[in-house]
Amino acid sequence: KYTAHEEPPAGYYRLNYGRAPMHTFSRTANNPNLTDLMDENSVWVNPRVAKEWGLSTGQYVHLVNQDGKRSEFPIKVRVTERIRWDSVYMVHGFGHQEKKLRRSYGKGASDTNLITKVLVDPVMGGTGMRGNFVTFITDLAGEEVVSCDTQWLSIPKSVSDAVTVSLHARPRTMCRSATAVTGWWK
């Protein structure tokens with residue numbers, strides 16, 4: 001007997017994830033040769049959804065799932081017709097929290113951390129993890145995404161306000177200044 005799958009709640013989208021040809025799961029996200037090809041993932045959003053939310057390609061957002069789990073790091077939006085209007089897509093293997101992974105720390109969002117609901121088939125026991133839904137947090141007013149060498153960090157606005165030179169003009173220099181002020185990432 002067919003059982004229909006759960007539909008996303010209003011304002012939420014089915015979280016789909018997959019692979020990139022240059023990376024092997026999350027094991028290669030810190031490889032310098034491969035990060036030159038792809039250094040962070042993005043969330044694919046249908047143009048219809050992007051218009052409803054006021055999203056544009058290159059904009060950073062946080063994702064929150066149906067259980068309130070928020071992505072640790074912001075993820076870049078990619079507006080594309082290659083995704084349905086009721087779903088979003090992201091490449092697996094990004095959003096690393098280990099600061100020793102210099103090239104991959106804080107780059108993109110982790111799909112694994114957003115998967116809090118695992119469905120189990122009652123007959124054969126197979127699992128399905130695409131029963132998770134996410135929505136967007138677009139107001140990043142309290143945060144600023146800056147580049148530190150090859151890393152992305154979310155820095156509270158109070159810290160970035162203390163830095164008088166534009167973070168976008170010279171991100172490497174300014175990030176080092178911000179870290180010296182706050183004692184963050186070294």
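- I137 and V79 are not part of a single hydrophobic cluster, where members link through side-chain heavy atoms under 4.5 Å apart.
- Not counting sequence neighbours, the partners of W53 by the side-chain contact (heavy atoms from CB on, under 4.5 Å) test are Y13, V49, L55, T135, F136, T138.
- Listed by chain and number, the residues in a ring pair (Phe, Tyr, Trp, His ring centres under 6.0 Å) with Y89 are W44 (sequence neighbours excluded).
- Hydrophobic clustering (ILVMFWY, side-chain heavy atoms < 4.5 Å, transitive): V118 and V134 are in one cluster.
- A donor-acceptor contact shorter than 3.5 Å is absent between the side chain of D111 and the backbone of Y17.
- Using a 4.5 Å heavy-atom threshold, the side chains of Q59 and K76 count as separate.
- S71 places no side-chain N or O within 3.5 Å of a backbone atom of P74 that could act as its donor or acceptor partner.
- The line from CZ of R84 to CG of N46 is 10.0 Å long, rounded to the nearest 0.5 Å.
- In this structure T116 satisfies the side-chain contact (heavy atoms from CB on, under 4.5 Å) test together with N65, Q66, D67, K69, N132, sequence neighbours excluded.
- Relative orientation of the Y105 and F73 rings is perpendicular, given thresholds of 30° and 60° on the angle between their planes.
- Residues R70 and L114 come closest through the heavy atom pair C-CD2, 4.2 Å.
- Rounding to the nearest 0.5 Å gives a distance of 4.0 Å between CD1 of I75 and CG of N41.
- In this structure, CG in D139 is found 10.5 Å from NE2 in H62, a value given to the nearest 0.5 Å.
- Salt-bridge check for K117 with E6: passed, with a basic side-chain N closer than 4.0 Å to an acidic carboxylate O.
- For the pair L15 and V88, the minimum side-chain heavy-atom distance is below 4.5 Å.
- Summarising the geometry of R14 relative to G131, their closest heavy-atom pair is NH1-CA, 3.8 Å, with the distance given to 0.1 Å.
- A donor-acceptor contact shorter than 3.5 Å is absent between the side chain of N113 and the backbone of E72.
- Atoms CZ and CD1, from R130 and I115 in turn, are 7.5 Å apart once rounded to the nearest 0.5 Å.
- T80 approaches P47 most closely through the heavy-atom pair O-CD, 3.2 Å.
- Residues L63 and M90 form a side-chain contact, since some pair of their non-hydrogen atoms from C-beta on lies under 4.5 Å apart.
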